[in-house]
Number of protein chains: 2
Amino acid sequence: MAERDVDRSVSQTVKAQLALRDQLLSGSLRPGERISELQAVETTGASRTPVRMALVRLEEEGLLEAIPSGGFMVKAFSERDISDSIELRGTLEGLAARFAAERGVSARELEPLKECLAAIDELLRQVPISVDAFSAYVTLNARFHALLTELSRSPPLIRQIDRASALPFASPSGFVMAQSALPEAQQILIIGQEHHRVVIDAIENREGARAEAVMREHARLAVRNLRLALRNRTHLDLLPALALIKSATD
Amino acid sequence: MAERDVDRSVSQTVKAQLALRDQLLSGSLRPGERISELQAVETTGASRTPVRMALVRLEEEGLLEAIPSGGFMVKAFSERDISDSIELRGTLEGLAARFAAERGVSARELEPLKECLAAIDELLRQVPISVDAFSAYVTLNARFHALLTELSRSPPLIRQIDRASALPFASPSGFVMAQSALPEAQQILIIGQEHHRVVIDAIENREGARAEAVMREHARLAVRNLRLALRNRTHLDLLPALALIKSATD
DNA sequence: TCCTCCGCTATTGTATACATAACGTATTCA
DNA sequence: TGAATACGTTATGTATACAATAGCGGAGGA
C-alpha cells in the first residue's frame with residue numbers, strides 16, 4: 001500500500017503493462033520462467049484484474065506465452081526467431097516504402113524525414129562516434145523508421161509493423177544497439193544511412209520497386225550484422241534483453 | 001442463468017471470445033457501434049471478467065478499437081484497409097514461401113500440399129462448380145495456405161500471417177468468398193490454382209525468389225478481384241461480414 | 001526401495017461488489 | 001428561448017472474495 005502516488009493519471013492496467021514489459025525487456029524475468037500473478041501484483045502495485053489484462057496484452061504482443069494448464073510464461077526466442085523478425089519487419093517496411101512511393105507523398109510530408117536524415121549525417125561526421133552521439137542516433141533512427149512507416153498511410157500495415165517491432169532486437173533501436181558491439185559499427189551506420197537516403201529519393205521519384213528493394217536490403221544488412229554480433233557475445237552480454245535469447249540453435 | 005450447459009470443457013474467456021467474434025463477423029454488431037460489457041455478458045453467458053479479457057484479446061486482434069473515454073467499439077474498415085491487408089498477407093506469405101524454398105523442404109513435408117492441390121484440381125474440373133464443391137474449395141484453399149505458411153518453419157512469421165488474416169476478407173477463405181459473386185469466378189479460381197502449382201514447384205527446386213514472386217502475384221490478383229467484387233455489391237451484400245466495411249472512401 | 005494414491009496447498013479462473021467517471025436530462029437563470 | 005450547470009443514472013475501472021484445478025509431497029503398500 002506504499003506506492004500509491006505513482007502517477008494517478010494513467011490507468012492501473014497501462015501502469016501494470018508498462019511495468020511488466022520493463023521487467024521482461026530488462027531481463028529480470030528469465031525466459032521460460034512462469035510469471036506469477038501474485039508476484040506481478042506485488043511488483044506493479046496494481047491489483048489482479050488490471051494485471052491479468054496486462055498479461056493478456058503482453059501475450060498478444062508476443063512477449064509472453066500462455067501455459068496450457070493456466071497462467072503465462074516468459075517467451076524464449078531463438079537467434080533464428082530474432083533474425084526472422086528483423087527480416088519480417090524489413091519486408092513490411094519495404095511494402096510501406098512502396099506504398100508511399102506509389103501513392104505519392106507531398107514535399108511537406110517528406111520534410112521531417114529529410115530533417116532526420118540531416119541530423120544523422122551530422123552525428124556520423126564524428127569519427128569515432130561518441131556514446132552520446134550514438135544514443136542520439138538510436139533515437140533518430142527509430143524516428144526515421146516510424147516516420148517512413150507512417151508515409152504508407154495504411155493503418156493495417158502500420159499496425160503490423162508496430163507488432164513486428166515488439167520483440168527485443170527486432171525494433172529499429174534494438175538491432176542498432178545489438179550491432180554497436182561490432183568493430184565495424186560506424187561503417188554499418190554509414191551504409192544504413194545511405195539506404196535511408198536512397199529510400200527517400202525513390203519515394204520522391206515514385207519508384208516503388210526501388211524503395212521496397214532498398215528497405216529489404218537494409219533489413220538483410222541488419223540480419224547479417226546481428227548474426228555477427230551474436231558471435232562475439234562479449235560486449236553484447238551487457239544488454240540485458242539478450243537474456244531473452246535462448247541458447248542459439250542454428 | 002439458463003445456458004449453463006454450453007460446453008463446460010472450454011474456459012469462459014475462450015467461450016466469450018468466440019461468441020463475440022461470431023457476433024462481429026456475422027455483422028450483428030455494426031461498425032462504430034459501442035460494445036457494452038453488460039450486453040456482452042448477457043449474450044455470451046460469461047461474467048464480466050472473462051468478457052473483458054475477451055474484449056482485450058479482440059482489440060489486440062484488430063476487430064475492436066478502444067474508446068479513449070473507456071470501453072470498446074466495433075472497428076470499421078475501409079475498402080483500402082481490406083485490400084492493403086490482403087496485399088500485406090500476400091507479402092508475408094511470399095516471405096514464407098521464400099523461407100521454405102531457401103531453407104529446404106523434404107518431399108514428405110510437401111506431400112500434404114500436393115494432396116491439397118490434387119483435391120482442388122478435382123473440384124475445379126466441374127464447370128460450373130457446384131455450391132458444395134465451392135464450399136469444399138474454400139476449406140481446401142485455406143488449408144493450402146496454412147500448410148504453406150507452416151513450411152517457413154518461422155514461428156514469428158507464422159504468427160504475423162495469422163494476425164494478418166484476422167480481418168474479415170483478409171483471410172484466405174474470406175476473399176475467395178468475396179470473389180464468388182464475380183461472373184469470372186471460376187477462371188479466377190483456376191488461375192489461383194496455377195499459382196499454387198508454381199509455388200510448390202519453386203519450393204521444390206529451391207527457387208526462393210520465384211516462390212516469393214508468385215505468392216505476391218497471387219495476392220495482387222486477389223486485391224484486383226476484391227475491388228471488382230466490391231463494385232458489383234449486389235451479391236456481396238449476402239455476406240454479412242461486409243457490414244464491417246464502412247462506406248468506401250477511395 | 002519404489003511406485004501409487006490420497007490429500008493439501010498454492011495459483012489461476014470466475015464472479016461480483018464497490019468506486020469513479022462520463023453522459024444525458026432537467027431545471028434555472030440570463 | 002437558449003445555454004449552462006447540477007444532479008442522477010449508467011457504464012467502465014478496480015478490487016477482492018470465492019471456486020476449481022493442477023502440482024507437489026507424504027504416507028502406505030507391494
Side-chain angles (χ1 to χ4, degrees), chain A residues 1-21 23-24 28-61 63-75, chain B residues 1-21 23-24 28-61 63-75:
Chain A
M1 298 286 180
E3 310 263 14
R4 277 290 175 224
D5 46 332
V6 278
D7 203 352
R8 282 174 185 280
S9 64
V10 296
S11 73
Q12 298 293 322
T13 305
V14 172
K15 193 181 76 177
Q17 190 177 350
L18 292 175
L20 285 171
R21 194 184 354 232
Q23 290 180 34
L24 288 167
S28 39
L29 294 167
R30 294 267 149 195
E33 188 178 343
R34 183 171 191 153
I35 189 164
S36 151
E37 273 186 28
L38 275 311
Q39 181 187 327
V41 163
E42 284 173 15
T43 59
T44 63
S47 89
R48 275 190 65 207
T49 307
V51 161
R52 276 181 74 76
M53 306 234 311
L55 291 174
V56 169
R57 287 207 142 93
L58 290 167
E59 185 211 347
E60 298 287 332
E61 214 169 282
L63 259 40
L64 295 179
E65 201 173 349
I67 301 173
S69 65
F72 300 94
M73 55 178 270
V74 183
K75 200 158 173 178
Chain B
M1 300 288 183
E3 310 262 14
R4 279 288 174 223
D5 47 332
V6 276
D7 202 353
R8 281 176 185 278
S9 64
V10 295
S11 73
Q12 298 294 316
T13 304
V14 172
K15 194 181 76 177
Q17 190 178 351
L18 292 175
L20 285 171
R21 196 189 345 237
Q23 292 180 34
L24 288 166
S28 40
L29 293 167
R30 294 267 150 196
E33 187 179 343
R34 182 172 193 153
I35 190 165
S36 149
E37 273 186 28
L38 276 311
Q39 181 187 327
V41 163
E42 284 173 16
T43 58
T44 62
S47 89
R48 276 190 64 207
T49 307
V51 161
R52 275 183 75 75
M53 305 235 313
L55 291 175
V56 169
R57 286 207 142 91
L58 290 167
E59 185 211 345
E60 296 287 332
E61 216 169 282
L63 259 40
L64 296 179
E65 201 173 348
I67 301 174
S69 67
F72 301 93
M73 54 177 273
V74 183
K75 200 157 172 177

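FYI, side chains are in, hydrogens and waters are out, and symmetry mates aren't considered; it's all heavy atoms of this structure. Here is the naming used below: chain letters follow the sequence lines, and residue numbers restart at 1 for every chain.
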(message) Please check this pair: side chain of A:S28 against backbone of A:Q23, looking for a donor-acceptor N/O pair closer than 3.5 Å.
(response) yes
(request) Would you check if the side chain of B:E33 reaches a backbone N or O of B:R30 as a donor-acceptor pair within less than 3.5 Å? (result) yes
Please report the distance, rounded to the nearest Å, between [atom1] in [X] and [atom2] in [N].
{"X": "B:R57", "N": "C:dG13", "atom1": "CZ", "atom2": "P", "answer": "9 Å"}
{"X": "A:Q39", "N": "C:dA10", "atom1": "CD", "atom2": "P", "answer": "15 Å"}
{"X": "B:E42", "N": "C:dT16", "atom1": "CD", "atom2": "P", "answer": "13 Å"}
{"X": "A:R48", "N": "C:dT12", "atom1": "CZ", "atom2": "C1'", "answer": "6 Å"}
{"X": "B:L55", "N": "D:dG13", "atom1": "CG", "atom2": "C1'", "answer": "13 Å"}
{"X": "B:R52", "N": "D:dA15", "atom1": "CZ", "atom2": "C1'", "answer": "12 Å"}
{"X": "A:L64", "N": "C:dT12", "atom1": "CG", "atom2": "P", "answer": "12 Å"}
{"X": "A:M73", "N": "C:dT12", "atom1": "CE", "atom2": "P", "answer": "14 Å"}

(request) From the options C:dA15, C:dT16, D:dA11, select the nucleotide whose nearest atom is closest to the side chain of B:L38. (result) D:dA11
(message) Need to verify one output field. Residue with the more 5' nearest nucleotide on DNA chain C, B:P50 or B:R34?
(response) B:P50
(message) Nearest heavy atom decides the nucleotide; on that basis, is B:S47 or A:I35 closer to the 5' end of DNA chain C?
(response) A:I35
(request) Please determine which of A:L20, A:L58, A:L64, A:L63 meets the side chain to side chain contact (heavy atoms under 4.5 Å, CB included) test together with A:F72. (result) A:L64
(message) Between B:M53 and B:V56, is there a side-chain heavy-atom distance shorter than 4.5 Å?
(response) no
(request) Using the closest heavy atom to pick a nucleotide of DNA chain D for each, name whichever of B:T49 or B:E37 lands nearer the 5' end. (result) B:E37
(message) With nearest nucleotide decided by heavy atoms, which residue, A:S69 or A:M53, maps closer to the 5′ end of DNA chain D?
(response) A:M53
